[in-house]
Amino acid sequence: MANVPDELRYSAEHEWVAGDLAEGAVVTVGITEHAADALGDIVYVELPSVGDAVQAGSVCGELESTKAVSELYSPVTGEVVEVNAALEGAPETIGADAYGEGWIFKARLTAEASDLLDSEAYAAITE
Amino acid sequence: MTSPLRTPLHDEHVALGATIVDFAGWEMPVRYTGDIAEHTAVRTAAGLFDLSHMGEIAVRGTDAEAFLDDALVGRMSAVALGGAKYTMMCAADGGVIDDLIVYRRDWDHYVIVANAANKDVVLDELFDRAEGFDTDVEDDSAEIALIAVQGPRAQGIVMEMTARGADDIEAMRYYTAAHVLLEGDVHAFVARTGYTGEDGFELFVGADEAAAVWRLALAIGEPHGLIPCGLSSRDSLRLEAGMPLYGNELTRETTPFDAGLGRVVAFGTEKNPRGDFVGRAALEAARDAWKASEEDGASHARRLVGLVGEGRRAARAGYAVLSPGGAEVGVVTSGAPSPTLGRPIAMAYVPRSLSEPGTRLGIDVRGRTEPMTVVALPFYTRTA
């Protein structure tokens with residue numbers, strides 16, 4: 001079974017969010033271990049750009065494996081303040097450490113992230 | 001919805017930690033460790049595959065060869081004892097019902113291996129087409145397990161697995177087969193065939209002996225670098241090798257000529273004429289149209305081509321192929337980032353006029369055009 005850490009919040013599109021969810025806060029975003037496992041070996045990540053305005057539920061990048069491609073949906077509404085550029089050369093990091101070194105971007109929230117799932121609710125939809 | 005089917009090796013896959021997915025109604029391992037590691041193992045050492053979901057149909061009887069000469073597009077009467085042949089079953093209109101490998105086990109006994117998703121359709125067609133022939137068609141799929149050992153180290157591994165008949169394994173030519181006795185007193189029908197672009201073997205054993213043979217292959221293969229491989233690597237391996245997949249490159253709406261596989265249709269020669277077979281008239285017309293389009297370059301005729309991308313985003317099945325001017329001119333049938341080439345590859349149907357290697361085309365990859373160049377298939381050819 002894929003790991004679903006308690007301290008994170010989740011979207012139904014299999015992204016995780018770490019940090020304070022209030023407007024103005026900076027959160028870190030990645031994809032869940034469940035999503036990474038389903039994709040297999042990730043060979044290419046298209047990251048959003050710093051300064052991009054992202055909308056909760058909207059596409060902001062993509063993840064490509066040998067087997068499949070998956071769009072990356074932003075789980076939050078805000079402005080991208082940092083991207084994990086290390087993923088450009090080492091996209092496999094997401095599969096190896098989805099909740100740590102495999103983070104994808106950081107965003108400053110322009111609206112409170114209120115519609116996210118807790119770990120229990122997210123685990124329930126992946127069963 | 002019927003409950004998914006499981007192969008006799010299901011428990012082995014679960015014990016190995018495989019990710020299991022639904023495939024054509026079967027619970028199959030999509031990967032064990034990782035797609036690229038599995039793909040690379042087959043290219044450089046060896047991989048072990050469970051193909052027990054595929055259909056095995058036995059055809060026996062006095063008229064077995066006459067029946068198959070009528071039912072399939074290849075001439076099965078010309079296959080030697082112990083030989084194998086890649087062939088197709090077509091409908092009367094020339095459309096492909098399935099691509100098949102047929103093994104001749106005796107003068108009056110053939111085994112047809114069909115795709116899992118098509119097995120029932122193939123079986124029903126065979127029953128229909130057998131009318132009037134003294135032959136017996138039997139679905140042995142549930143009793144037979146099919147295990148493949150593929151890769152440059154496959155021969156050594158299969159020889160080591162063999163208690164009696166290792167010399168036959170060593171001497172076996174591609175697309176031939178023999179009966180051997182495996183360690184553990186297991187009778188196996190072993191063929192030098194595969195779907196990976198590498199040397200390799202496919203082992204037909206009884207379903208109740210499948211787990212023992214699987215474990216034997218893992219134990220003997222491990223020091224040679226063999227690892228278990230799932231359907232994901234099987235797909236990327238066959239794509240690099242330019243091999244068609246039914247449902248992607250081959251469908252009821254394509255003829256063998258569309259797919260560049262007209263050679264599998266045997267019309268016979270003046271010296272060695274062949275009688276009628278199902279689909280003959282339609283396939284003759286398809287052949288003539290194909291030949292005519294080769295000569296006049298008719299743009300309405302389509303060709304299956306290979307495409308290599310210059311960027312990193314890969315095309316996937318169903319994506320539109322675009323002309324240099326941006327017009328939609330074709331469709332991708334299979335596509336993936338190639339682990340061996342390190343670039344995106346795809347197969348696609350395009351007009352004859354745009355099928356020459358070197359032609360630059362685009363593919364609409366989720367709203368953005370990725371540049372692609374037509375290349376001759378296959379993308380990968382083994383060197384040894």
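Not measured: the values here are computed from a predicted model. So that the names make sense, note that chain A is the first sequence line, chain B the second, and so on, each numbered from 1.
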Side chain, backbone, both or neither: which part of A/Ile42 has a heavy atom under 4.5 Å from chain B? neither
Inter-chain polar pairs, chain B versus chain A: which donor-acceptor atoms lie under 3.5 Å apart?
residue	atom	partner	partner atom	Å
B/Arg31	NH1	A/Asp37	O	2.9
B/Asp35	N	A/Asp41	OD2	3.0
B/Ile36	N	A/Asp41	OD2	2.6
B/Arg312	NH1	A/Glu88	O	3.3
B/Arg312	NH2	A/Val43	O	3.0
B/Arg313	NE	A/Glu62	OE2	2.4
B/Arg313	NH2	A/Glu62	OE1	3.3
B/Arg313	NH2	A/Glu62	OE2	3.1
B/Ala314	N	A/Glu64	OE1	3.3
B/Ala314	N	A/Glu64	OE2	3.3
B/Arg316	NE	A/Glu64	OE2	3.3
B/Arg316	NH1	A/Thr66	O	3.1
B/Arg316	NH1	A/Lys67	O	3.4
B/Arg316	NH2	A/Glu64	OE2	2.8
B/Arg316	NH2	A/Ser65	O	2.6
B/Arg316	NH2	A/Ala68	O	3.1
B/Arg366	NE	A/Glu62	OE1	3.1
B/Arg366	NH2	A/Glu62	OE1	3.1
B/Arg366	NH2	A/Glu62	OE2	2.8
B/Arg368	NH1	A/Glu46	OE2	3.1
B/Arg368	NH2	A/Glu46	OE1	2.7

Does a side-chain heavy-atom distance below 4.5 Å link B/Val365 with A/Val69? no
Residue part contacting chain A, namely of B/Val30, when any heavy atom lies under 4.5 Å: side chain
With sequence neighbours left out, write down each residue that passes side chain to side chain donor-acceptor pair (under 3.5 Å) with B/His53, or none if nothing qualifies. none
Residue, of B/Ala314, B/Gly335, B/Pro344, B/Pro339, that accumulates the most heavy atom pairs under 4.5 Å with chain A: B/Ala314
